[in-house]
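Beneath this line is the structure, given in structure tokens, with notes to follow.
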Amino acid sequence: MSIAVELKVTDMLQVAFIRENKEDIIARLAKRNIDATEMLNNAIALDEDRKALQTKLDNKKAESNSISKEIGNLFKSGETQKANLLKEKTIQLKEITKTLEQELNDKVNILTELLYKIPNVPHKSVPKGGSEEDNEEIFKEGEIPALHSEAQPHWELAKKYDIIDFELGNKITGAGFPVYKGKGARLQRALIAYFLDKNTEAGYTEYQLPHLVNAASCYGTGQLPDKDGQMYHDSRDDLYLIPTAEVPGTNVFRDELLNETDLPIGITGYTPCFRREAGSYGAHVRGLNRLHQFDKVEIIRVEHPNNSYKAFDGMIEHIKAILRELKLPFRILKLCGGDTTFASALTYDFEVFSTAQDRWLEISSVSNFEAFQANRLKLRFKNSDGKNELCHTLNGSSLALPRVLAGILENYQTENGIKIPEVLVPYTGFDIIS
RNA sequence: GGAGAAAUGGCAGAGUGGUCGAAUGCGGCAGUCUUGAAAACUGUUGAGGGUCACACCUCCGGGGGUUCGAAUCCCUCUUUCUCCGCCA
């Protein structure tokens, strides 16, 4: 199915932006190691064609409209013969408009499909780079604990204390679908409740969202067409299992026209996330490091464009505060162009140090999408001039469960068992797993 | 699953073939009044394409059809509501 048909996209706002900022866009997309010159030129050329066709068609329609009006008047004044003569003429016009319409449609489809493949333009501050090697560490905090000599990675601990069963998940579903048991399950639930509480305290409204979404929602946030194949898809009903709460959460605002005073909006929600992770394998995907199904609490913001980067900073501080409370050593990376996701203009990743694995684990990703998603979502607000303007959208994990859990298990392990971070004890009801 | 009703601008809600992009109300914006605000009154206010600006074109849930002409008639899909049935 064509994308344009799926989404009824007629909005060409993006092309106007491309035309005016072509050089700047090319320079910035170069940070993603993409040479967009040809793509942008194509888009502009296609749009020129589109306009020409549109004008031609419009003129034919105008002609046809005025004749119809005339016919109406002739019938009223009883000049039937004249009217019938004119009818002949409109029939010819109809043929012409029909072909033009078809041509225009095809053109729009090609253009729309092209536009959907252009990723967001990175923020000025984003470093150029092709892979995670080029990410910039911009912040680091917390002490890396000195573990006892028998310290183990979390998958060994999970087995030892019988709190996560990877093999059982294998039987029931397949690899990457672990089963949490006993205190493991309880700890998981505690973390979810704790994160949601922290987020609502910070002013986010809690939502419970659908775990399956339609294709339009996936286009809205940019998972389609970019991530087709990475999502689980039910072809019978053409629904996708959500890869993140970002998709249903941001699509709450699809096709909305807000008042300026409605902004900012912040929502939070817990959902499981489903990812096919096609193509990933190896030692780094052991245990909880990479799963097909995992839990995550997400925060999502809709902001006035003038305020979105300030809001971004606020989200970073919010997540810092949570990690401080959990007393986990963490660092923040500014992602380089190549590592920044398709829809994002600026992304910071939070990583927790896993002492037993001696490596950093990504536990949160905070992004400002600027108007990229809003353009696809048709999410606008009426500004003080009375004009409709695109909002900015942001989101971040607050937080992703499995690796936080891995970090806790590994960093809090002692010879007597795994201690529970103080702030979680009210939620778990126990203070050690032994 | 069965029967019926409905889908119109930011919201509510009129409109059954040309004079309808669409009454009216609310909301928004501007003004009068006020020290300021509220109330009241006056004016203004759908979206997109296109243009230097006009003109012009498109949009009344989606798609298709009838007609010279469709918000209005027909078909179809989707969604919502009411009643009945079933059910965690």
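What you see below is based on every heavy atom in this structure, not just the backbone, and it leaves out hydrogens, waters and symmetry mates. Below, read A as the first sequence line, B as the second, and so on, with proteins coming before strands; counting in each chain starts at 1.
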Just compare rA47(B), rC57(B), rC68(B) and give me whichever is closest to any side-chain atom of S68(A). rC68(B)
When you compare the side chain of L187(A) with that of I420(A), does any pair of heavy atoms fall below 4.5 Å? yes
Starting the side chain at C-beta, find the nucleotide from rG49(B), rU58(B), rC56(B) nearest to K61(A). rU58(B)
P-based separation of rA47(B) from rG9(B) [nearest Å]: 13 Å
By nearest heavy atom, map I91(A) and K98(A) onto RNA chain B; which one lands nearer the 5' end? K98(A)
rA47(B), OP1 or OP2 - any side-chain N/O from R380(A) closer than 4.0 Å? no
What are the two closest heavy atoms between S364(A) and L399(A), and how far apart are they? CB-CD2, 3.5 Å
If I take atom CD1 in residue I67(A) and atom P in nucleotide rC68(B), what distance separates them, rounded to the nearest angstrom? 13 Å
Assigned partner base of rU67(B), Watson-Crick or wobble definition, under 3.5 Å: none
Applying the Watson-Crick and G-U wobble criteria at under 3.5 Å, what pairs with rA22(B)? Answer none if nothing qualifies. none
Among rA47(B), rG49(B), rC68(B), which nucleotide sits nearest the side chain of K382(A)? rA47(B)
In whole angstrom, what separates E101(A)'s CD from rG63(B)'s P? 12 Å
d(CG, L258(A); P, rG46(B)) in whole Å: 19 Å
Does the side chain of K382(A) pick up a donor-acceptor pair with the side chain of N259(A) at under 3.5 Å? no
Under 4.0 angstrom, heavy atoms only, what part of the nucleic acid is T55(A) near: base, sugar-phosphate, or nothing? nothing
For a quick check of understanding: with a heavy-atom distance under 4.0 Å over all strands, which category does N65(A) fall into, base, sugar-phosphate or nothing? sugar-phosphate
Mind checking who rU32(B) pairs with, Watson-Crick or G-U wobble, both distances under 3.5 Å? rA40(B)
Ranking K87(A) and Q54(A) by the position along RNA chain B of their nearest nucleotide, the one closer to 5' is Q54(A)
What is the separation between atom CG on D58(A) and atom P on rU58(B), rounded to the nearest whole Å? 7 Å
Where is the tightest heavy-atom contact between Y161(A) and G417(A), given as atom of each residue plus distance? OH-CA, 3.2 Å
Between rG15(B) and rU72(B), how many Å separate the two P atoms, rounded to a whole number? 15 Å
Could you check which of rU58(B), rC56(B), rC68(B) has an atom nearest any side-chain atom of I71(A)? rC68(B)
Under 4.0 Å between any heavy atoms, over every strand shown, what does N388(A) touch: base, sugar-phosphate, or nothing? Just pick one. sugar-phosphate
Strand partner of rC87(B), provided both Watson-Crick or wobble distances fall under 3.5 Å: none
Can you confirm whether the side chains of E206(A) and T268(A) place a donor and an acceptor under 3.5 Å from each other? no
Please give the nucleotide sitting opposite rA3(B) as a Watson-Crick or G-U wobble pair, both distances under 3.5 Å, or none. rU82(B)
On a whole-Å scale, what distance lies between the P atoms belonging to rC77(B) and rU58(B)? 28 Å
Let me know the distance between CD of E70(A) and P of rC68(B), rounded to the nearest Å. 16 Å
Closest non-hydrogen atoms of G229(A) and R276(A), given as atom of the first, atom of the second and distance, are O-NH1, 2.6 Å
Watson-Crick/G-U partner (both atom distances under 3.5 Å) of rA47(B): rU58(B)
How far does the P atom of rU44(B) sit from the matching atom of rC26(B), given to the nearest Å? 15 Å
Roughly how far apart, to the nearest Å, are rG21(B) and rG49(B) at atom C1'? 15 Å
Mind checking the OH-OH spacing from Y427(A) to Y194(A)? Nearest 0.5 Å is all I need. 7.5 Å
Calculate the interatomic distance between L93(A) atom CG and rG69(B) atom C1'; express it in whole Å. 13 Å
Between rA14(B) and rA23(B) - P atom distance, rounded Å: 14 Å
What integer number of Å spans the C1' atoms of rC74(B) and rU67(B)? 12 Å
Distance between the P atoms of rA12(B) and rG27(B), in whole angstroms? 15 Å
Would you please confirm or rule out a distance under 4.0 Å between OP1 or OP2 of rG69(B) and any side-chain N or O of K94(A)? yes
Shortest non-hydrogen contact from A245(A) to T271(A)? CB-OG1, 3.5 Å
Using a 4.0 Å heavy-atom cut-off across all strands, classify L257(A) as base, sugar-phosphate, or nothing. sugar-phosphate
rC20(B) C1' sits how many Å from K69(A) NZ, rounded? 11 Å
For a quick check of understanding: with a heavy-atom distance under 4.0 Å over all strands, which category does K89(A) fall into, base, sugar-phosphate or nothing? nothing
For the pair made of NZ in K56(A) and P in rA55(B), what is the distance, rounded to whole Å? 24 Å
Between K107(A) and rG49(B), is there a contact of a side-chain N or O with OP1 or OP2 at under 4.0 Å? no
